[in-house]
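Right, one structure below, let's go through it.
Position 1 is the first residue of the sequence, and the numbers go up from there.
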Amino acid sequence: MAGMTSLNGFRTGQIAFSGHLPDVDADNDAHGVRCALVASKRPMLSRSARTCALLTAVALLPAIADPLRAQALGCVWGWGEPHTLTTHDGRYGFAQAASAATVGNAVLVVGFPSFAWATPDSFDSSPGPRPTDTTAYLDRLRRNTAVLGFMLGQNGKASPVPRPEPRRMVRPILVNDTVGRAHMVWAERRNSGETEAQTLWYSQYVDGRWGPATKLFESERVTWIDQAGTVFALGGDLHIFSPFSQTDSGPGVAYVRRINGRWRSSTVRILGIPLWLTAQASGSDSLIVAFSSPDVTARVSNGSHVYVARVATESGAWNAPRRVQWSGRSAARKPRLFRIPDGFARRGALLLVWAHERRGMPGIDTVLAMRSQDEGVTWSEPQAVALSTYAGEITTEQDDRGIVHVVAYPSTQRTGRSVAFHITWQGAAWSSLDSMDMGSSRPFLPAISRVGRDSLFLTWGRELPASPGAVNTTAPVTMFRVGAWQCAR
């Protein structure tokens, strides 16, 4: 039976749900209520439909908490229809490599850079847009430092959000902690013309605005861009890892954490070039960290490989990082570490997923994964995830049930349409491959964020006309889909 994908009342697709909720008193029906929620082109659910959707979700909560029981209910994953990020006044929005989090009843989408494109009257009306118009508009965009991202409301329209101070922002990352608060970490450049950042900052979204910015860490070079660092929420605490380098001491990793409301930081020097750090909790007082780095101790020329280490949360002390995978002269990119729920595997199970980039080839050619059953002490051999196409870019995330999602975009178009591939790990094996039609232009810079309960927010870039009235002037815009589990009972 199909389900309805809903995000705080915003319709995300032509998907219907019909289910029976026993022992629910609604409309004086002591025997139960039957919900029939059919999505339409209207962006909002009616009040009765929202109530019925809420009752449905509440009735299914006990099953959702148990992954095995959820499978028994016949739950399937579904993606809503694609949408273009569009403002209330009809302008297209763009948030590169977007990060998203829930803020009240809305979704905040940020990226670097972020901007809204022109309205039709921003271009010459006659004889139509010219190359000089686009050049001038791009020049203005390069000087635009005021837009953080967009607030996506229940009606599906986006409102530009100004940046908090300081404004020379690099790669803001949003994350919701487990009690629903929204946090943002970003890097800052001293000068707008510099390519490297020097400072990490933090702010929390409170009462409809960003709180005061807190400086977390400073170095000659902070490598925060391109997903090099990470923000990990554990309960109400935050754990932040960022590569950095100093002329006198070389590369290292800064570990900044807020535990019980108190900030502290520590650094460790690591041989090689640690990138794409990712972490999971291990017990009550430590984390397991994974990252990609060349092996500078090897006697042969090599690419980058997957390393793991254990870090004490109180002292910030690291054990010696250990290489658990060898890529030869190829590269391991974007590793992500996930904890597998006890309902899927025995306690202590971890999953590592990363992209393999063959030497001399643009983009990645496959996705690899390996498992640990003992808190990262030992690991299985890498397994190639079954993707039937050359995967140019990937993004990964874990939903509230502990199921890992991988979305891969091909680096080339073999037909006039672009296709994305979606596959999940549910604790025992990889699912079959699902494909999504992504339109006529090649998608780029995909990103998945966890938003709301049991929902994921997928964004990607796409080339479209800069505005509905300027069809000859193309510009990057952000597209999005919302995915959720749909259960029949």
Side-chain angles (χ1 to χ4, degrees), residues 2-17 37-54 56-57 77-96 98-111 114-120 147-162 174 176 182 205 208 407 420 436-439 443 446-462 464-469 475-486:
M4 192 193 85
T5 304
S6 176
L7 179 63
N8 295 322
F10 173 54
R11 301 260 185 171
T12 60
Q14 302 298 321
I15 304 172
F17 177 86
L37 309 181
V38 180
S40 68
K41 293 183 179 180
R42 294 178 301 169
M44 293 287 291
L45 294 173
S46 67
R47 181 177 178 183
S48 60
R50 287 197 301 269
T51 302
C52 198
L54 177 61
T56 303
W77 181 265
W79 289 103
E81 293 297 315
H83 299 272
T84 305
L85 192 65
T86 309
T87 64
H88 292 275
D89 57 359
R91 294 178 294 157
Y92 290 149
F94 181 64
Q96 181 167 292
S99 176
T102 52
V103 176
N105 292 324
V107 173
L108 177 59
V109 184
V110 303
S114 292
F115 46 78
W117 282 96
T119 53
V147 178
L148 167 67
F150 301 88
M151 194 72 75
L152 188 63
Q154 291 183 338
N155 62 358
K157 297 299 181 181
S159 301
V161 176
L174 283 175
N176 284 119
Y205 198 83
V407 174
M436 294 183 284
D437 188 341
M438 308 305 285
I448 301 181
S449 300
R450 188 187 303 187
V451 292
R453 178 174 177 82
D454 224 24
S455 298
L456 297 180
F457 191 82
L458 171 64
T459 63
W460 66 95
R462 182 182 174 191
L464 288 178
S467 78
V477 301
T478 289
M479 307 289 294
F480 68 91
R481 291 177 184 260
V482 178
W485 285 101
Q486 302 148 15

Can you tell me how far apart CH2 (W460) and CE (M436) are? Round to the nearest 0.5 Å. 7.0 Å
Partners meeting side-chain contact (heavy atoms from CB on, under 4.5 Å) with A100 (sequence neighbours left out): V107, V109, S449, V451, F457
Taking all atoms of both residues into account, what is the closest heavy-atom pair of F150 and L85, and its distance? CD1-CD2, 3.5 Å
Between W79 and R481, the two heavy atoms sitting closest are CE3-CB, 4.0 Å
Quick one: closest heavy-atom pair of A182 and T102, and the distance? CB-O, 4.0 Å
Less than 4.5 Å apart, any side-chain heavy atom of V482 and any of H83? no
Supply the atom-to-atom distance D89 CG to K157 NZ, rounded to the nearest 0.5 angstrom. 10.0 Å
Using side-chain contact (heavy atoms from CB on, under 4.5 Å) as the criterion, list what pairs up with T84, not counting sequence neighbours. T86, Y92, L464, V477, M479
Which atoms form the tightest heavy-atom contact between A116 and T87, and what is the distance? CB-CG2, 4.4 Å
Are any of the side-chain heavy atoms of V161 and Y205 separated by less than 4.5 Å? no
Taking atom CG of L152 and atom CD of Q154, what is their separation to the nearest 0.5 Å? 10.0 Å
Are the side chain of S455 and the backbone of A484 linked by a donor-acceptor contact shorter than 3.5 Å? no
